[in-house]
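In this chain, numbering begins with 1 at the start of the sequence shown. Side chains included, hydrogens not; waters and symmetry mates left out as well; all remaining heavy atoms used. Computed from a predicted model, the values in this text were never measured in an experiment. Whatever order the structure lists ligands and atoms in, that order sets their numbers, starting from 1.
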Amino acid sequence: MARIERLVILGGGTAGWMTAAALSKTLGRTVAIDLLESDVIGTVGVGEATIPTIHWFNELIGLDEADFVRATKASFKLGIEFVDWARPGHRYFHPFGRYGVDLGRVPFHQCWLKGARDGAAAPLSAYSLAAELAAANRFSKPSNDPGSILSTLGYAYHFDASLYATHLRGLAEASGVVRHEGKLESVERDPATGFVTALTTDRGERLEGDLFVDCSGFRAVLIGDELGAPFEDWSHWLPCDRAVAVPCARVAETTPYTRSTLRPAGWQWRIPLQHRTGNGYVYSSSFVSDDEAAATLLANLDGEALAEPRQLRFKAGFRREAWVKNVVAIGLSSGFLEPLESTSIHLIQSGIAKLIALFPTRDCDPALARQFNDLFGRDMDGIRDFLILHYHATQGHTAPLWEHTRNMVLPDSLIEKEAQYRRSGRLMLATDDLFREASWLAVLNGQGIVATDHSPIADTLDGPSNRRQLDQLAAIIARAAPTLPKHDDAIAALIGSAAPRGMATALA
Ligand SMILES: Cc1cc2nc3c(=O)[nH]c(=O)nc-3n(C[C@H](O)[C@H](O)[C@H](O)COP(=O)(O)OP(=O)(O)OC[C@H]3O[C@@H](n4cnc5c(N)ncnc54)[C@H](O)[C@@H]3O)c2cc1C
């Protein structure tokens, strides 16, 4: 079967350059890769918090961690702190990594549920080293030694989105990707197959290809406008449709976590970087005006705003057919779930991984597209349910958005998961769900959903032994946390400087 010889990527945001870096690394010089982007159109310019799957991507493209953290002014991320979500005045932490350690065949969370029901367990976060480190502004990388409590850690990064795209561009161009500047003006299609054959720019350049990756962001120029793949709208479940974002000066130590604070018409993010702090208010335009949202954001910054607030518009949902004929959509062109759990960059790399695994020949066998779309749909459905859980399980907020989300009709899949947990303490997950037991437990428990039973398997441990083991685990974590480095020192040690830039001022 004829091989793909020319591949064209439309778009040079995070999705475009991640795709270019990964495909050029994987395909070497066997496929010529062109990337078209427009400086006039620009990129979405946000997307600075990640989840631990980013390590897979960084390894794939051979990214050196110290170079990457230095170049993108990154900080480490141990999880997300949710402020005021369960109810006003409440905080909880969704940590990366694992809670405790499984005891024999009994999953840790069942030991904890049994202990909690016996009145013998500490709060859940006492069994997460990541949560304890975050609370103390400390950081350590995980250990590979399964006997060490450090093996329970997981981590990701916060980084500057534009510096990240620039860094990836450098890597991709060094691997032979050719960048073309200009706006797409017309698309040529094969009249017989409907396949896209070439893109022409406003500068008169013509880019021919056998396979096209649409990374054109919310515009979805190829997959939407040209090929008409329908958009499945989920805004009835995830009603936030706008954001206003602004960077501010950093004023203290860099925290190793993202903070999400509930606001009357949505929520506010705080993402600490070495040189600044990223902030944004994600809101529903049905419940607050743009001006009021910007004013709320500006009134809730830790330091001086470093730019004018920037407004963004979006809609929750996706295209179940993200691969049509010889066009594969990756990034915002394929869909968007709001950034509450920082999943979009993961979805980009997951799209790239699927494309590599299913890399077609020139005929683009429709069975490959079906498989890609099926897997992508399952990713999106699972993440959607996890996000809706945050919106639905809140108490004590009287603002109309929160009344609405508390009372909305949930997807059946989420109703079933929540009911099963309440009834039996079981977490019913599919093997390919992105968010695993620790994440569901963190958010269910954090947002006040109580399990009324535990698995009978946990009864193989008698109450006193269970209590002893829980106490030991909490004690090990409590002893270990204060011995580990401060987060800023961990960054400085990695990038080889005394402290991240700005530290001297920050601590003065
Ligand atoms: C408010 C908000 C917060 C977010 N926070 C996070 C987060 O914390 N973590 C996370 O993982 N994700 C987050 N995301 C998502 C993340 O920003 C995106 O997934 C990521 O930036 C990828 O965007 P993209 O490359 O698909 O699109 P864009 O950045 O929009 O890039 C599109 C590219 O296509 C080009 N283009 C478009 N049309 C044309 C044309 N006609 N001709 C030529 N070029 C064209 C543009 O020039 C640009 O280069 C957030 C998104 C939003 C809206």
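D190 and T197 form no side-chain donor-acceptor contact under 3.5 Å, judged by distance and modelled atom types alone. No side-chain donor-acceptor contact under 3.5 Å links S413 and K417.
Among all non-hydrogen protein atoms, the one lying nearest atom 43 (C) of ligand 1 is G182 O, 3.4 Å. Closest to atom 17 (O) of ligand 1, if we only count protein heavy atoms, is V46 O, 2.9 Å. If you check which protein heavy atom lies closest to atom 27 (O) of ligand 1, you get G217 CA, 3.4 Å. The nearest heavy-atom contact from the protein to atom 40 (C) of ligand 1 is I41 CD1, 3.4 Å. Protein heavy atom closest to atom 4 (C) of ligand 1, with residue, atom name and distance, is P339 CB, 3.5 Å. Here the heavy atom of the protein found nearest to atom 15 (C) of ligand 1 is S344 CB, 3.3 Å. For atom 44 (N) of ligand 1, the closest non-hydrogen atom on the protein side is S38 N, 3.6 Å. From the protein, the heavy atom lying nearest to atom 34 (O) of ligand 1 is G11 CA, 3.2 Å.
Side-chain atoms of Q274 come within 3.5 Å of backbone N or O of A74 as a donor-acceptor pair. With hydrogens and angles ignored, the 3.5 Å screen pairs no side-chain donor or acceptor of N326 with any backbone N or O of F195. A donor-acceptor contact shorter than 3.5 Å is absent between the side chain of S235 and the backbone of A316. Looking at D160, its side chain never comes within 3.5 Å of a backbone N or O of T72 through a donor-acceptor pair. With hydrogens and angles disregarded, no donor-acceptor distance shorter than 3.5 Å links the side chain of H390 to the backbone of Q447. Proximity of a side-chain donor or acceptor of R436 to a complementary backbone N or O of D433 within less than 3.5 Å is detected.
Taking distance alone, with nitrogen or oxygen atoms compared against 3.5 Å, G45 stays at or beyond that limit from ligand 1. Taking only nitrogen or oxygen atoms, main chain and side chain alike, V44 reaches within less than 3.5 Å of ligand 1. For ligand 1, one of its N or O atoms has an N or O atom of L332 under 3.5 Å away. For ligand 1, the polar-atom distance check finds no N/O of L312 at less than 3.5 Å from any of the ligand's N/O atoms. Checked by distance only, ligand 1 and G42 come closer than 3.5 Å through their nitrogen or oxygen atoms. By the 3.5 Å distance cut-off applied to N or O atoms, H346 is not counted among the residues near ligand 1. At least one N or O atom of G12, backbone or side chain, sits closer than 3.5 Å to an N or O atom of ligand 1. Checked by distance only, ligand 1 and F218 stay at 3.5 Å or farther apart across all their nitrogen or oxygen atoms. Polar contact with ligand 1: present for L184 (N/O pair, distance under 3.5 Å).
Of all the listed residues (G47, G13, C240, A220), G47 holds the heavy atom that lies closest to atom 13 (C) of ligand 1. Around atom 20 (C) of ligand 1, the closest heavy atom drawn from D214, T14, V40 belongs to T14.
When every heavy atom of P95 is checked against every heavy atom of A130, the shortest pair comes out as CB-CB, 3.9 Å.
The cationic group of R384 lies under 6.0 Å from the six-membered ring centre of W234 and within 45° of the ring axis, placing it in a cation-pi geometry.
H55 has its ring centre less than 6.0 Å from the ring centre of Y155. If you look at F68 and Y157, their ring centroids are closer than 6.0 Å. Ring pair Y281/Y283: centre-to-centre distance below 6.0 Å. Aromatic ring centres of F336 and F318 lie farther apart than the 6.0 Å criterion allows. Note: W440 and F435 fail the aromatic proximity criterion, with ring centroids not under 6.0 Å apart.
Per-residue contacts place C215 under 4.0 angstrom from the following atoms of ligand 1 (heavy atoms of the residue considered): 32 (C), 33 (C), 34 (O). In the vicinity of G331, heavy-atom distances shorter than 4.0 Å reach the ligand 1 atoms 26 (O). Taking every non-hydrogen atom of E48 and a distance limit under 4.0 Å, the qualifying atoms of ligand 1 come out as 7 (C), 8 (O). The distance from ligand 1 to the heavy atoms of A15 drops below 4.0 Å at these ligand atoms: 22 (C), 24 (P), 25 (O), 26 (O). The contact set between ligand 1 and A49, taken as ligand atoms under 4.0 Å from a residue heavy atom, comprises 7 (C), 8 (O), 9 (N), 10 (C), 11 (O). Close approach of ligand 1 to I348 (heavy-atom distance below 4.0 Å) involves ligand atoms 19 (O), 22 (C). Near K183, the atoms of ligand 1 lying under 4.0 angstrom from a non-hydrogen atom of the residue are 42 (N), 43 (C). Applying the 4.0 Å criterion to heavy atoms of R219 picks out, from ligand 1, the atoms 37 (C), 38 (N).
Counting non-hydrogen atoms of neighbouring residues, nucleotides and ligands closer than 6.0 angstrom, the NZ atom of K486 exceeds 12 such neighbours.
When non-hydrogen atoms are compared, ligand 1 lies under 4.0 Å from the backbone of S216 as well as from its side chain. Here A243 has side-chain heavy atoms under 4.0 Å from ligand 1, and that is the only part of it that gets that close.
Between Y391 and W402, the ring-plane angle classifies as parallel under the 30° and 60° cut-offs.
Heavy atoms of A165 stay at 4.0 angstrom or farther from ligand 1. Residue contacts with ligand 1 include F336, since one or more of its heavy atoms lies under 4.0 Å from the ligand.
When T277, T255, T258, N300 are each tested for a side-chain hydrogen bond (donor to acceptor under 3.5 Å, both in side chains) with R270, only one passes: T255.
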